[in-house]
Amino acid sequence: MTETTTKRMEDIVGLCRRRGFIFQSSEIYGGINGFWDYGPYGSELKRNLKNAWWEDIVHGDVVGPTGDPVRIVGVDCTIIMNPKTWVASGHVGGFNDPMVDCRESKSRYRADHILCLGTTDQADAGRLFAFLEGDEDGLARARKMLEKYVKRTLEDEELATRAFMELSAEERTTTVGPDVKDPGTLTEPRMFNLMFETYCGAIRDEDSKAYLRPETAQGIFTNFHNVVDSSRVKVPFGIAQIGKAFRNEVTPRNFIFRSREFEQMEIEFFIHPSEAESWYAWWRDQRYAWWKSIGLAGDNLILREHDQDELAHYAKEGAGTSDIEYRFPFTAPGFGELEGVAHRSDYDLRQHAEHCGKGEKMRYFDQARNERYFPHVIEPSAGADRGALALLCEAYTPDESRASKVYMNFDPRVAPVKAGIFPLVAKDGMPEIAEKLHREIRRRHVVEMDAKQSIGKRYARMDECGTPYCITIDGDTSSDQAVTIRERNTQSQERVSLNKVAAFLDDKIHGDG
RNA sequence: GCGGGUGUAGCUCAGUUGGUAGAGCGUCAGCUUCCCAAGCUGAAUGUCGGGAGUUCGAGCCUCCUCACCCGCUCCA
């Protein structure tokens, strides 16, 4: 891909900073790893992305695989929820894995997956040989090393296997790691809490411990019955939410691609279990087409079906999981996930029904089918920041022939600024006409008025932040009541009547063209 | 968390053996300018990533630390 190889991530990051798209969080204090702020243009871009999603999903007018209009309602839930939520969802268990590093081999292991081989004979105690649970070769190797250490062949009965987690600190220092020869290279087990913890209320104790949500989905699941009871929705229907989520990632990396605080755009679409296949396929294709529609139309966007062995715990038995992936400069020639579409079965609703104590009574009653069941869920879960980053990467277009050397080829719908309004020169009544036009349009579209410096500089600045149109008032405007509109990509101009400028922008931004 | 690299103005970079921090571009102001970073004049802008140490004196040497990039690892 010559197109992607000419895009260097550091240039994109530089432009984002220079033109006020994205800054490092709390930069004046040296920044903080994994947190990023959106500046004036970046916040417009991200807002446009989220608004496009909300408008198309919640206010959308589409027909589903059944032939009926698709019904989706929105919610806006809190970041901090009752901590039992995360026990039910499996995050308290799954997000708290003790890890062990080997200083010698540089490997990292799940501490609860390490077993240690020693002898039953206390006289031989003093050295243990670690191997990974279920690793037959590792076990054989450990036994060989143990026999070499005690200088004799051992019978099966003489062997003792103990969990690494149960060893004393002293015993751990005499344990030989799975991939090394000498003891003492394994670190103490360390908890990697991927959920951020906090405390609710003034007293900091275990009872007041709470979590910052690691996904917005659980707010939807816990409100399922509230929405059903209050909104006259019937399965199949969806609940959508846009909101912040937090994960204490081990390694935040790649600009805003993996950060510790990020924003999700999630839909939980509730269906009868028998319709999982068709809804799953429909949503997968629908979401793929949507990303294309907002400007990721090239072959940098792919749809990838997961293999069975990479499915999440809640999706094992389902109709499948797909990723919509984008070829970012830092993943090329590979791809990075923008959105996952997963069949989560009825896992979450069942978990919550069980944990909240209401059990089978929580089942949904389907009037049409005269049947009680836990609806299955198709979950299209997108990253808003990853989406914004993909839009930035896709838009970034080096062009040595123009003054700015680069322009941002945003779709008009997501462009932070829709048009620049320029008096060609700052005299002869042109600024006054420009100011009048600016006031007329600014309530409908984000436009920038600029009368300073040469027209070339003003065009160049707009190219660099991806403004699709520049409207220029020239010496003829006062007599013919028309302006030139310059199109960003082609740099071509057309003359448009002053009173048709607003309609021109309406059409370009909201129209099909 | 490990290994490697980087860090001087908004950006790109210079900065001598350790001796008063610079340039270009951009930004801003004024003039000029009738269509693509033009020209002229002027101005603002530095915790030299941060802290400690060595030294009469540190952007430069030493140690610690932070952030970013690359490679591992991780990514329910």
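In what follows, chains are A, B, ... by sequence order, proteins preceding strands, each numbered from 1. Predicted model only: the values in this text are computed from it and were never measured.
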key: Pairwise 5' ranking along RNA chain B for A:Glu27 and A:Val483, keeping only the more 5' one   = A:Val483
task = Treat a base pair as Watson-Crick or G-U wobble with both distances under 3.5 Å, then lay out RNA chain B in dot-bracket form, 5' to 3', with | for cross-strand pairs.
result = (((((((..((((.....[..)))).(((((.......))))).....(((((..]....))))))))))))....
message = Using the rule ring pair (Phe, Tyr, Trp, His ring centres under 6.0 Å), only one of A:Phe269, A:Tyr288, A:Trp290 pairs with A:Trp283; which is it?
response = A:Phe269
note = From the candidates B:A37, B:C68, B:A76, the one with an atom nearest any side-chain atom of A:Trp36 is B:C68
query = Given the C1' atoms of B:G15 and B:U33, what is the spacing between them in whole Å?
reply = 38 Å
inquiry  = Given the structure, check if the side chain of A:Asp474 and the base of B:C34 hold any donor-acceptor pair shorter than 3.5 Å.
reply    = no
key: A:Arg18 CZ: over 12 foreign heavy atoms closer than 6.0 Å   = yes
A:Phe255 ring center within less than 6.0 Å of A:Phe257 ring center = no
key: From A:Lys244, A:Arg386, A:Lys50, residue fulfilling salt bridge (Lys or Arg N to Asp or Glu O under 4.0 Å) relative to A:Glu263   = A:Lys50
ask   = Where along residues 17-24 of chain A does a heavy atom fall under 4.0 Å from RNA chain B?
value = A:Arg17, A:Gln24
message = Under 4.0 Å, heavy atoms only, any strand: does A:Arg486 hit a base, just the sugar-phosphate, or nothing?
response = base
inquiry  = Taking B:G57 as the reference, what is the distance to B:U45 when you measure between their C1' atoms (whole Å, please)?
reply    = 27 Å
inquiry  = Does A:Gln493 contact B:C35 through a side-chain donor or acceptor facing the base, at a distance under 3.5 Å?
reply    = yes
query = Between B:C70 and A:Asn254, is there an OP1 or OP2 to side-chain N/O distance shorter than 4.0 Å?
reply = yes
Dump every N/O contact between nucleotides 30-33 of chain B and the protein below 3.5 Å, one line per pair.
unit_1	atom_1	unit_2	atom_2	d
B:G30	OP2	A:Lys452	NZ	2.7
B:U33	OP2	A:Lys427	NZ	3.1
B:U33	O4	A:Ala426	N	3.4

B:C66 phosphate, OP1 or OP2, under 4.0 Å from A:Asn33 side-chain N/O = no
query = Counting only heavy atoms not in A:Arg141, do more than 12 fall under 6.0 Å of its CZ?
reply = yes
